Amino acid sequence: MNIAKVIVDVPAGSINQTFDYEIPERFQEMLRPGMRVIVPFGSRKVMGYVVARTGESDFDHLKELIDILDLTPILTPELLDLGKWLAEETISLYITAFQAMLPQVLKANYKKELERLTTESLSEQLEVLFAGRDFISYEELGNAGVSFYQVQKAIQAGDIAVHYQVKSRVTKKHITFLKPAREVYLLEEALQDMSNKAKKQQEILAFFIERPEEIELNYILKKFGTTRAVINALQNKNLLTALKKEVYRNPHDDQAFEKTAALTLTKQQQKALKPVRQHIHEDRHDVFLLHGVTGSGKTEIYLQAIQDVIDKGEEAIVLVPEISLTPQMVRRFKGRFGSNVAVLHSALSHGEKYDEWRRVHRKEVQVVVGARSAVFAPFENLGIIIIDEEHENSYKQEDQPRYHARDVAIHRGENHQCPVILGSATPTLESYARAQKGVYQLTTLNKRTNDKAMPEVNIVDMRDELHAGNRSMFSRSLKDNMEERIKRGEQIVLLLNRRGYSTFVMCRECGHVKECPHCDIALTFHKYNNRLKCHYCSFEEPMPMYCPSCSSDLIRFFGTGTQRIEESLTQLIPEARVLRMDVDTTRRKGAHEKLLTQFANKEADILLGTQMIAKGLDFENVTLVGVLTADSMLNLPDFRSSEKTFQLLTQVSGRAGRHELPGEVIVQTYTPEHYSIEMASHYNFIQFYQHEMKVRKKFQYPPYVFLALITVSHQNHVTAVQTTQKIVKTLRTYVGEDTVILGPSPSPISRVKDRYRWQCMVKYKQEPQLRTLIYKIIRQFDEEMRKDDLQISADMQPYQLM
DNA sequence: AGCACGCCGACT
DNA sequence: GTCGGCGTGCTC
């Protein structure tokens with residue numbers, strides 16, 4: 001078994017296979033599958049993952065692997081398997097799948113270096129470049145304008161050499177500690193002898209005589225209000241020594257969370273929990289769909305199920321949507337399980353994420369709470385996987401590997417023979433349909449734990465407002481209600497459903513719309529710097545004074561951004577204190593949390609925001625929720641638009657009246673008769689489900705069929721179309737009769753970054769060979785993809801059809 | 001992907 | 001002869 005099978009870090013279709021390497025004697029003992037290694041690959045060195053050890057190879061001349069990067073495997077055998085499955089399932093490269101399962105910092109960094117070998121003089125340019133040094137980084141070459149030919153010659157002559165380096169990006173955090181350098185009695189002597197002027201030194205020394213132990217440097221500095229200079233003096237006198245210790249960056253101070261005990265469950269909750277517990281104890285896999293209205297206590301069920309898993313000595317993964325990974329959520333888990341929880345979300349720095357990941361890897365915690373990628377937590381004895389807000393589309397990764405965390409969770413649940421819970425107030429049609437068929441176990445919680453009724457929803461027909469001469473964004477009813485709440489000292493949440501709307505710029509004279517010169521999309525106006533930006537590429541330009549088409553000065557921005565709503569809101573109700581929450585105001589780290597704290601402290605009357613305010617917020621003083629444009633996404637070219645509208649309205653309605661005060665919801669719309677709006681206002685999920693299922697059946701969309709979307713992009717329009725055409729043709733010859741192939745058709749955004757995008761959609765019920773087929777088709781274009789910058793990507797079960 | 005190698009054409 | 005620009009094929 002002296003051969004390692006390695007997946008190398010080269011993301012190219014032709015390299016998507018294992019490469020065999022001889023394991024040198026010195027690594028024989030320690031090398032295990034799942035470790036990262038450095039291997040020679042052609043003339044360079046690359047990082048790779050060892051996926052297996054074997055005794056034989058089809059190749060006669062194997063190179064030796066150069067080094068091992070890990071002390072213990074970073075991928076368990078199960079995760080190695082999962083990576084293979086993931087790549088094949090999503091038609092991605094193996095290396096891409098493995099990288100997606102690990103924290104960023106474990107990716108390799110490649111560097112090239114030039115070493116001077118000779119003492120004899122080099123060419124003039126090279127002498128200037130080296131400037132007396134023996135090593136220089138390869139990048140300096142380009143900057144200095146030295147010709148590559150010269151370097152090549154010098155290498156051939158043996159005057160300089162190239163070194164390929166593979167570096168880990170891992171940075172570990174160290175904290176400096178201080179401790180006495182000598183016996184306490186010697187310190188006491190030194191204290192006696194010390195100059196009376198050295199007051200600070202005396203104080204600190206006295207402190208260490210009291211407590212001759214390792215103490216954090218920062219603590220000492222703070223306590224004595226001093227600086228490093230004083231410590232240095234003590235170190236120089238050989239009285240104190242400093243030592244660096246590696247520590248985890250702990251973004252959540254565990255002590256800060258108040259311990260909570262298990263709550264008493266309602267009858268419904270008990271009934272829901274019982275079969276889950278049974279599965280945990282019998283080590284049985286099954287998927288439970290927990291359909292529970294907002295406030296029905298789903299989280300408490302999760303917590304108690306996890307407690308069972310912990311007691312059994314097993315581990316739990318909890319997935320929550322990125323957006324609702326709020327301090328409130330973290331507090332609940334940390335409060336119950338304390339330091340036994342690791343939290344993984346995007347607000348953490350790379351280093352912090354790595355540290356949390358390592359706590360899992362080293363088995364220092366039994367629970368992980370995190371966003372999508374936490375589904376890959378390297379646990380080995382999983383007892384349960386929970387996906388909260390199962391319907392959220394943030395569980396679908398939109399770049400390669402395009403996986404859905406739900407599918408990965410279920411696959412891991414099978415691997416570990418443990419239950420998987422999908423929880424939601426508005427399950428996806430796919431999941432609910434599976435529950436109806438008995439593939440998943442359905443549990444319904446239709447009562448809130450506090451027995452409060454759901455807030456009443458009033459629909460306002462904005463067409464009536466228009467007829468009555470009200471052209472503002474706010475209906476009369478919403479305005480009156482807001483004023484009343486403010487008078488009563490209660491708070492309001494306003495949702496601007498912005499998808500489909502944006503602030504584009506149009507000329508009132510000729511109708512010209514400013515579009516991105518590189519993408520087929522209107523530019524978005526940003527007021528704070530008075531510039532136009534493209535959301536698909538980085539193009540940006542100042543807002544023009546005159547129409548570029550007709551030179552009229554009547555060029556204005558249209559649409560409804562939160563900024564504009566905020567303005568008209570303060571005009572409408574001048575006494576209202578408004579907090580705006582959108583991408584602009586939450587860009588800075590921690591800004592999100594700060595805004596929410598301000599609102600919780602009642603520093604504002606109205607919280608105005610986009611989608612991000614619909615999820616998981618819980619403010620007791622909010623008694624009114626307003627939805628400004630309920631139907632703005634109904635007209636998008638997306639078969640899920642009704643479902644998304646229903647979900648959003650239901651979720652946001654749950655933000656009102658969660659506590660003592662009764663809540664009310666006002667939904668403004670131009671299409672009050674639409675079933676998703678109508679049924680959301682009655683919280684009637686079942687009725688919506690039945691109606692929407694009929695629609696899906698009629699138009700043959702999921703869950704009645706599966707989808708696969710293949711997107712082709714190229715700078716040449718004709719190449720893009722023709723390639724898509726060829727793909728469609730090949731697909732047609734191999735798929736079954738019932739399978740429908742749509743296209744070639746232009747992507748909804750037909751040009752991005754000067755590349756034309758065409759697509760084809762496969763609708764199928766049963767097509768076991770489809771993934772292999774698509775993989776083979778794509779591989780046929782490998783040459784063109786590399787040489788001609790053609791791009792082809794597949795998305796199995798696409799969420800965003802754009 | 002990134003590198004070596006080899007062919008070709010331009011320039012001195 | 002010297003220098004630099006591509007196109008091609010390979011990586012255990």
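Computation of the quantities below employed the complete heavy-atom set of this structure, encompassing side-chain atoms and omitting hydrogens, waters and symmetry-equivalent molecules. On a predicted model such as this, the values are computed, not experimentally measured, just so you know. Per chain, numbering begins at 1; letters A, B, ... match sequence-line order.
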Of C:dC3, C:dC12, B:dA1, the nucleotide closest to the side chain of A:Lys153 is C:dC3

Would you mind classifying the nucleic acid contact of A:Ile3 as base, sugar-phosphate or nothing, using non-hydrogen atoms under 4.0 angstrom?
nothing

Contact class for A:Tyr21 (heavy atom, under 4.0 Å): base, sugar-phosphate, or nothing?
sugar-phosphate

Examine A:Arg116 relative to A:Phe135 and say whether NZ or CZ is less than 6.0 Å from the centre of the six-membered ring and inside a 45° cone about the ring axis.
no

Once base and sugar-phosphate atoms are separated, protein heavy atoms under 4.0 Å mark nucleotides 2-12 of chain B, 5' to 3', with B, S and - as BSS--------

Answer with yes or no whether the side chains of A:Glu767 and A:Thr739 bring together a donor and an acceptor at under 3.5 Å.
yes

Take a 6.0 Å sphere around NZ of A:Lys363 and say whether it holds more than 12 heavy atoms from other residues, nucleotides or ligands.
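Yes, NZ of A:Lys363 has more than 12 neighbouring heavy atoms, counting only those of other groups under 6.0 Å.
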
In residues 82-103 of chain A, which ones come under 4.0 Å of DNA chain B, going by heavy atoms?
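Hits under 4.0 Å, by residue number: none.
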
Provide the closest heavy-atom pair for A:Gly34 versus A:Leu80 in the form atom of the first, atom of the second, distance.
N-CD1, 3.6 Å

Closest non-hydrogen atom pair, A:Ala720 against A:Tyr756
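Shortest heavy-atom separation between A:Ala720 and A:Tyr756 comes out as CB-O, 3.9 Å.
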
Between A:Lys787 and A:Asp782, does at least one N-O distance fall below 4.0 Å, as a salt bridge requires?
no

Distance, rounded to the nearest Å, where A:Lys63 contributes NZ and C:dT11 contributes C1'
7 Å

